[in-house]
Amino acid sequence: MRRLTVALTLLAGLALAAPSAGAAGPEPGAASREAPKDAPKPPPTLDDLFARLKAAKDDPEARGVAQLIERRLDRSGSDTVDLLANRAGQALKDKDTALAVELLDRVVTLEPGWAEGWSRRATAFYLLDDQASALADLNRALRLEPRHFEAWAALAHIYMASDDKVRALAAFRKAQDLYPRMGKLREAIERLAPDVDGRDL
């Protein structure tokens with residue numbers, strides 16, 4: 001209580017000793033304390049990026065936005081999981097698919113809510129000719145992130161491999177809806193649509 005009383009007394013004394021508002025000149029350094037003109041803008045959200053991807057006016061713009069999305073989706077939020085996923089990627093490059101699956105098993109155990117982990121393990125299963133496991137992992141990835149256009153495209157290719165043209169076409173169309181300028185999607189859809197939807201007379 002004594003500290004508060006002393007502080008209030010000092011403040012009152014300073015107020016009495018201060019010059020009047022009319023006589024006061026500009027406070028030294030006032031200009032340097034002015035608010036910044038433009039505050040930095042926050043980075044775009046994933047929702048913003050997906051909207052920009054859908055509205056992209058040309059292929060270079062679309063590719064640039066897609067890369068930004070992929071970078072976001074590539075982040076698990078865990079340094080350990082990111083390290084395991086990177087090692088799995090290297091194992092796939094080295095054609096050691098069994099090791100990649102083992103590493104990605106740990107990834108999805110540690111971060112089951114990371115859609116990209118399931119998508120990557122699906123790739124490894126597909127390379128092992130385990131299409132059932134690849135389909136299961138892709139569906140899990142899409143439940144977590146329904147806008148994962150790479151997972152939709154991969155799903156379509158697996159359905160094509162099993163001659164399920166109806167589901168393949170639906171998955172290709174979903175990928176195209178998310179990423180209209182994604183390479184070769186239009187060709188795949190145009191090739192499949194007559195068989196699934198029927199040919200125009």
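Linking Ile, Leu, Val, Met, Phe, Trp and Tyr residues whenever their side-chain heavy atoms come within less than 4.5 Å leaves Leu73 and Leu110 in two separate clusters. If you chain together hydrophobic residues whose side chains sit under 4.5 Å apart, Val108 and Leu83 never meet in one group. Note on Phe125 and Leu104: separate hydrophobic clusters, where clusters join Ile, Leu, Val, Met, Phe, Trp and Tyr whose side-chain heavy atoms are under 4.5 Å apart, directly or indirectly. A single hydrophobic cluster is seen to contain both Leu138 and Leu169, as judged by linkage of ILVMFWY side chains at heavy-atom distances under 4.5 Å, directly or through other members. Transitive grouping of hydrophobic side chains (ILVMFWY, heavy atoms separated by less than 4.5 Å) keeps Leu127 and Met160 in distinct clusters.
Under the salt bridge (charged side-chain N to carboxylate O under 4.0 Å, His left out) criterion, Arg52 pairs with no residue, sequence neighbours left out. Applying the salt bridge (charged side-chain N to carboxylate O under 4.0 Å, His left out) criterion to Glu102, with sequence neighbours excluded, gives Arg106. Partners of Tyr179 under the ring-ring contact (aromatic ring centres under 6.0 Å, His included) rule, at least two apart in sequence or in another chain, are Phe149. Applying the salt bridge (charged side-chain N to carboxylate O under 4.0 Å, His left out) test to Asp47 and every residue at least two apart in sequence or in another chain returns Arg147. Evaluation of the salt bridge (charged side-chain N to carboxylate O under 4.0 Å, His left out) rule for Asp130 yields no partner, not counting sequence neighbours.
Going from atom CZ of Phe172 over to atom NZ of Lys184 covers 11.0 Å, rounded to the nearest 0.5 Å. Here CZ of Arg181 is found 6.0 Å from CG of Asp58. Values are rounded to the nearest 0.5 Å.
Residue Pro180 comes nearest to Leu53 through the heavy atom pair CD-O, 4.0 Å, listed as atom of the first residue, atom of the second, then distance. Here the shortest heavy-atom pairing between Arg121 and Asp137 reads NE-OD2, 2.6 Å. Considering all non-hydrogen atoms of both residues, Glu150 and Glu70 come closest at OE2-OE2, 3.4 Å. A pairwise comparison of heavy atoms in Ala151 and Ser119 identifies CB-OG, 4.4 Å as the closest pair. Shortest non-hydrogen contact noted between Ile158 and Ala134 is CD1-CB, 3.7 Å. Heavy-atom minimum distance, Leu142 versus His148: CD2-O, 3.7 Å.
Applying the salt bridge (Lys or Arg N to Asp or Glu O under 4.0 Å) test to residues at least two apart or on different chains, the pairs with a partner in residues 73-100 are Asp74-Arg120.
In this structure, the side chain of Trp152 does not engage the main chain of Arg173 through any donor-acceptor pair within 3.5 Å. Under a 3.5 Å cut-off, the side chain of Trp118 and the backbone N or O of Gly113 do not form any donor-acceptor pair.
A salt bridge between Asp48 and Lys41 is absent, with no side-chain N of the basic residue lying under 4.0 Å from a carboxylate O of the acidic one.
Just one residue in the list Leu49, Asp177, Leu178 forms a side-chain contact (heavy atoms from CB on, under 4.5 Å) with Lys54, and that residue is Asp177.
Counting heavy atoms from C-beta outward, Arg186 and Ile189 have side chains that stay 4.5 Å or more apart. Under the 4.5 Å side-chain criterion, counting only non-hydrogen atoms from C-beta, Ile69 is in contact with Phe50.
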